Amino acid sequence: MKSSKVEKNVTWSLTLCLVLISLITIYFPSCESFNYGQALSQSLLYFESQRSGHLPYNQRVNWRHHSGLNDGLEQGVDLVGGYYDAGDNVKFGLPMAFTVTLLSWAAIEYGDKIASADEYDHTMEAIKWGTDYFIKAHTQPNVLWVQVGDGETDHYCWQRPEDMTTSRRAYKVDEKNPGSEVAGETAAALAAASILFRKTNPHYSRLLLHHAQELFEFGDKFRGKYDESVEVVKGYYTSVSGYMDELLWAALWLYKATEKEEYLKYVLENAYDFGGTTWAMTEFSWDVKYAGVQAIASMLLMEEKHKKHEVILEQYRSKVNHYICACLNLNNASNDNVDRTPGGLLYIREWNNIQYVANAAFLLTIYSDHLLATNQKLQCGKGEVNPNELFSFAKSQVDYILGSNPMNMSYLVGYGSRFPERVHHRGASIESYKENMGFIGCTQGFDNWYGNPMPNPNILIGALVGGPDKNDQFRDARGNYEQLEACTYNTAALVGVFARLYHLQ
Ligand SMILES: *[C@@H]1O[C@H](CO)[C@@H](O)[C@H](O)[C@H]1NC(C)=O
Ligand SMILES: *[C@@H]1O[C@H](CO)[C@@H](O)[C@H](O)[C@H]1NC(C)=O
């Protein structure tokens with residue numbers, strides 16, 4: 001009979017499946033398979049949610065609308081555009097620039113893989129949304145506008161960006177009020193982006209490079225901590241590590257973009273004094289870029305023309321090794337290693353811990369590909385690591401983020417069947433402008449939306465929230481900002497990694 005034949009076939013296929021699954025499970029423990037292509041596409045949508053300014057015709061995230069259209073007006077400068085950093089409506093220059101550097105680096109390393117997932121144009125749009133803004137903000141060779149709005153007055157209200165009534169005062173750094181971190185990071189972002197636009201838009205690429213060179217010179221010549229000049233940033237994006245890492249970082253990106261000896265010389269001559277070859281790090285973040293500097297410098301070592309700088313580049317290499325071995329738990333001394341949660345997630349600190357995980361996953365992925373391409377292994381105190389092991393570890397962190405964790409929760413919003421529903425995000429937690437164009441006031445947002453126990457009306461697709469605590473625990477409550485706030489630099493770090501993992505599939 002027809003039906004029994006079908007049943008038999010079903011039974012057979014089932015048996016075959018089970019056999020295959022058990023085989024796969026034997027060879028690849030924890031073989032839960034994730035859709036990295038989808039994660040990549042979702043990530044890029046998130047940058048549209050964070051857009052400030054006049055939204056373009058092809059804006060896909062349609063619960064957002066134009067906002068911040070008078071930014072800079074008080075100071076007589078056009079600062080319309082750019083990105084909100086996280087769940088508030090302030091535009092912070094330093095993390096915005098770091099976000100664009102990470103996105104550009106991802107597109108430089110994995111552009112072909114991003115393209116094969118059909119996401120290259122979206123990636124370039126996300127980068128250009130930032131670089132267009134940096135060009136506007138760099139009004140004179142030694143003037144960079146680095147913030148619009150301030151944390152204190154912004155946090156006093158819970159409002160959609162479309163309704164903002166809070167102060168939109170803009171802040172700048174200049175010769176008398178220097179800010180080498182933010183000048184350096186913005187230079188790095190523009191230099192990295194200039195590499196990407198070289199072929200498709202050479203005029204724009206040269207413009208980016210021009211701004212990058214001027215900004216680096218400004219940051220280097222007029223040295224000073226940016227949070228001393230722009231005090232309102234303190235408590236939000238205080239620079240703990242100072243500006244020397246950003247200056248080295250900017251010089252390296254300029255070297256990559258121009259191949260001019262002067263930039264390499266800067267990285268070599270200042271290696272020791274600026275801590276590039278002395279700091280052994282366990283963190284890579286919007287504040288602390290040493291591990292990134294050390295990674296790029298050590299990769300130069302493999303090129304013949306850099307052999308004459310072997311001594312210093314080797315010192316850089318030993319320090320990036322320390323960072324990578326720390327992530328792998330393979331440094332000899334346990335306090336030289338990064339803690340992990342019982343579920344296996346790297347754990348640096350409580351507030352927005354996932355940013356450190358995402359940054360580590362990115363750096364480890366890039367470094368594993370570098371080792372693979374140059375046929376090297378990594379020597380850690382507790383043993384030797386091959387590139388595949390390094391990449392597997394990065395993958396394990398990403399898989400944890402996507403749902404392979406004790407809460408069975410994807411920390412990438414919109415991904416999978418279970419993800420955070422109450423992201424600490426003003427725009428996403430209030431009904432959209434599209435649904436309700438009526439004005440929603442400062443405290444009205446708190447009364448009607450912030451304290452509302454219901455899920456957010458708008459899903460902030462692609463946002464990567466702060467994530468679980470040191471015991472893998474996570475509480476999906478809007479007021480729980482340490483775990484529920486997402487930041488642009490969290491997601492930016494995973495774009496390249498998702499593309500790399502997608503390609504593997
Ligand atoms: C780490 O420990 C191993 C074995 O005890 C030792 O051979 C190695 O030199 C140590 N490495 C460092 C960097 O201290
Ligand atoms: C996660 O899934 C596992 C396996 O299905 C289950 O045993 C566990 O109770 C789940 N945990 C939570 C917090 O839902």
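All values reported here derive from a predicted model rather than from experimental measurement. Both counts, for ligands and for their atoms, begin at 1 and track the order of listing. The figures that follow rest on heavy atoms only: side chains count, while hydrogens, waters and symmetry mates do not. By convention here, the first residue in the shown sequence is residue 1.
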Side chains of Ser429 and Trp158, donor plus acceptor under 3.5 Å: yes
Next item on the list: Taking atom types as modelled, find out whether Tyr83 and Thr488 have a side-chain donor-acceptor pair closer than 3.5 angstrom.
Entry: no
protein heavy-atom neighbour closest to atom 5 (O) of ligand 2 works out as Asn408 ND2, 4.8 Å
When rounded to the nearest 0.5 Å, the distance separating CD of Glu421 from CG of Asp476 is 6.0 Å
Worksheet entry | Check ion pair Glu162-Arg64 (N to O, under 4.0 angstrom) | yes
the protein heavy atom lying closest to atom 1 (C) of ligand 1 turns out to be Asn332 ND2, 1.5 Å
| query | Are any non-hydrogen protein atoms located under 4.0 Å from atom 7 (O) of ligand 1? | reply | no
Is Arg418 close enough to touch ligand 2? Criterion: a residue heavy atom under 4.0 Å from a ligand atom. yes
_Heavy-atom protein contact below 4.0 Å for atom 11 (N) of ligand 1_ = yes
Exercise. Should the pair Arg426 and Tyr84 be classed as cation-pi, given the thresholds of under 6.0 Å to the six-membered ring centre and 45° from the axis?
Worked result: no
Quick note on ligand 2: atoms under 4.0 Å from a heavy atom of Pro406 include exactly 11 (N), 12 (C), 13 (C)
